[in-house]
Amino acid sequence: MSYGAIELGQLNIQKGKFDVAFDILYDSAVNDQNDDAVFLMTKMVFDGNLPAEQMEKFYEFQNGNTSIGNGYALFNVGLMHERGLGKVPQSYKIAVEYYLKAIKEEVKDAYCNLGNIYALGLGMEHGIKRDVDLGVKYLTIGAEEGSRQCAYTLGSLYGKGEFIQQDLNKSFYFLSLAALQGHDQAKRVLHIFVHSHKEDYEAEMTAAEIQNGKIENMRQLYKCL
């Protein structure tokens with residue numbers, strides 16, 4: 001049986017041969033511009049399966065790809081700076097710059113990372129002031145445009161009322177929006193929510209279904225284009 005680069009990469013990942021998998025996937029990403037190879041390498045980075053040398057090599061590749069407008073390369077570079085992975089120094093300022101660039105390339109989950117940085121004050125030690133309103137704005141835009149992680153995060157924030165004023169109606173709406181898009185944790189939290197709060201949230205559910213329909217329509221349109 002013959003295998004393609006992605007299948008070989010996945011097979012070696014399953015066997016724990018991460019160095020071999022990386023070499024195969026890196027070659028495919030560089031020579032074939034294979035997005036699946038980039039995704040698998042990104043997962044290995046954030047799962048902690050690569051040594052510093054390979055993470056640095058991957059970072060250089062991602063950083064180089066940003067010049068051709070690769071949105072996910074921009075997002076991943078931002079994420080590597082946010083977390084300080086490998087030899088990449090942690091810098092929330094640089095992370096924010098890359099997340100903003102990723103948003104322009106239609107990477108919706110970048111809204112979530114930006115929203116968290118501002119709303120939760122994650123970058124305060126790096127000179128980025130907490131701005132809850134701005135954070136919620138980013139999260140809301142991301143949720144309405146199709147980031148289920150943004151929707152889940154907002155639903156949780158509104159439900160807890162820790163960083164923003166508690167609003168159970170908004171919490172139910174955003175949790176429902178995330179759940180409709182297949183967010184497993186949102187489904188579990190929503191199940192607990194409906195048993196803890198007996199109010200009528202039919203209007204919020206209807207609104208979430210309508211918005212999810214719009215998101216799905218946009219995704220279909222994007223595929224057609």
Side-chain angles (χ1 to χ4, degrees), residues 39 42-43 45-48 71-72 75-76 78-85 90 92 95-96 98-100 102-103 106-126 128-216 218-219:
F39 172 80
T42 301
K43 190 174 188 305
V45 169
F46 299 122
D47 285 346
Y72 284 99
F75 177 81
N76 288 333
L79 196 53
M80 294 176 90
H81 276 290
E82 181 182 347
R83 299 189 181 183
L85 293 170
Q90 186 180 44
Y92 278 90
V96 166
Y98 277 103
Y99 289 147
L100 288 170
I103 284 174
E106 303 295 322
V107 181
K108 307 303 182 186
D109 283 341
Y111 282 109
C112 188
N113 295 58
L114 272 174
N116 284 333
I117 288 172
Y118 284 108
L120 307 183
L122 300 180
M124 291 177 67
E125 293 184 1
H126 291 237
I128 299 177
K129 295 181 180 180
R130 172 180 286 174
D131 189 331
V132 176
D133 290 339
L134 182 59
V136 170
K137 177 183 176 181
Y138 279 131
L139 289 168
T140 302
I141 294 172
E144 297 290 351
E145 292 192 6
S147 168
R148 63 182 185 177
Q149 189 59 38
C150 278
Y152 171 70
T153 300
L154 269 178
S156 299
L157 288 174
Y158 278 118
K160 293 177 182 178
E162 184 176 354
F163 295 97
I164 58 180
Q165 185 175 352
Q166 187 180 52
D167 188 322
L168 295 181
N169 295 86
K170 289 183 178 180
S171 177
F172 185 90
Y173 167 76
F174 284 113
L175 287 174
S176 298
L177 187 57
L180 287 168
Q181 295 176 78
H183 195 292
D184 291 334
Q185 184 62 18
K187 293 177 183 178
R188 289 190 284 269
V189 173
L190 198 59
H191 180 74
I192 297 171
F193 187 104
V194 296
H195 283 83
S196 302
H197 307 287
K198 303 301 182 181
E199 291 82 356
D200 182 5
Y201 295 104
E202 183 177 352
E204 286 74 20
M205 174 57 79
T206 299
E209 290 173 342
I210 292 173
Q211 186 60 35
N212 184 57
K214 292 179 180 178
I215 291 169
E216 289 301 316
M218 288 303 298
R219 285 176 178 156

Nearest 0.5 Å, what's the [atom1]-[atom2] distance between [X] and [Y]?
{"X": "Leu175", "Y": "Thr153", "atom1": "CG", "atom2": "OG1", "answer": "10.0 Å"}
{"X": "Leu157", "Y": "Asn116", "atom1": "CG", "atom2": "CG", "answer": "7.5 Å"}
{"X": "Glu204", "Y": "Ser171", "atom1": "CD", "atom2": "OG", "answer": "10.5 Å"}
{"X": "Leu177", "Y": "Lys170", "atom1": "CG", "atom2": "NZ", "answer": "14.0 Å"}
{"X": "Leu139", "Y": "Leu154", "atom1": "CG", "atom2": "CG", "answer": "4.5 Å"}
{"X": "His126", "Y": "Tyr92", "atom1": "NE2", "atom2": "OH", "answer": "6.5 Å"}

TODO: Fit a plane to each ring of Tyr98 and His81, take the angle between them on a 0 to 90° scale, and name the class: parallel (under 30°), tilted (30 to 60°) or perpendicular (over 60°).
DONE: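 Parallel: the ring planes of Tyr98 and His81 meet at under 30°.
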Taking atom [atom1] of [X] as the centre, report whether more than 12 heavy atoms of other residues, nucleotides or ligands fall under 6.0 Å from it.
{"X": "His191", "atom1": "NE2", "result": "no"}
{"X": "Glu199", "atom1": "CD", "result": "yes"}
{"X": "Lys129", "atom1": "NZ", "result": "no"}

Is the closest side-chain heavy-atom distance between [X] and [Y] below 4.5 Å?
{"X": "Asp131", "Y": "Tyr138", "result": "no"}
{"X": "Phe75", "Y": "Asn113", "result": "yes"}
{"X": "Tyr118", "Y": "Val136", "result": "no"}
{"X": "Cys150", "Y": "Tyr111", "result": "yes"}
{"X": "Thr140", "Y": "Lys137", "result": "no"}

Under 3.5 Å, is there a donor-acceptor pair between the side chain of [X] and the main chain of [Y]?
{"X": "Arg130", "Y": "Leu120", "answer": "yes"}
{"X": "Asn76", "Y": "Tyr72", "answer": "yes"}
{"X": "Gln211", "Y": "Glu144", "answer": "yes"}

TODO: Would you please say whether a donor-acceptor pair under 3.5 Å links the side chains of Asp109 and Gln149?
DONE: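 No donor-acceptor contact under 3.5 Å links the two side chains.
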Open item on the list: Run the salt bridge (charged side-chain N to carboxylate O under 4.0 Å, His left out) test against Glu145 and tell me which residues pass, sequence neighbours left out.
Closed with: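 Once residues adjacent in sequence are excluded, the partners of Glu145 under the salt bridge (charged side-chain N to carboxylate O under 4.0 Å, His left out) criterion are Lys108.
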- [ ] Not counting sequence neighbours, list each pair that qualifies as a ring-ring contact (aromatic ring centres under 6.0 Å, His included) and has a residue in residues 170-190.
- [x]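 Matches after skipping sequence neighbours: Tyr152-His183, Phe172-Phe193, Phe172-Tyr201.
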Open item on the list: The test is side-chain contact (heavy atoms from CB on, under 4.5 Å); show your working for Glu82 and Leu79 and say whether it passes.
Closed with: CA-CA 5 Å; Glu82 181 182 347; Leu79 196 53; 4.0 Å; yes
Task: Nearest atoms (heavy-atom pairs only) where Ala178 meets Ala186 - done: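 The answer is CB-CB, 3.6 Å.
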Open item on the list: For a quick test of reading the model, state the closest non-hydrogen atom pair linking Ala110 to Ile103 and the distance between them.
Closed with: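 For Ala110 and Ile103, the tightest heavy-atom pair comes out as CB-CG1, 3.8 Å.
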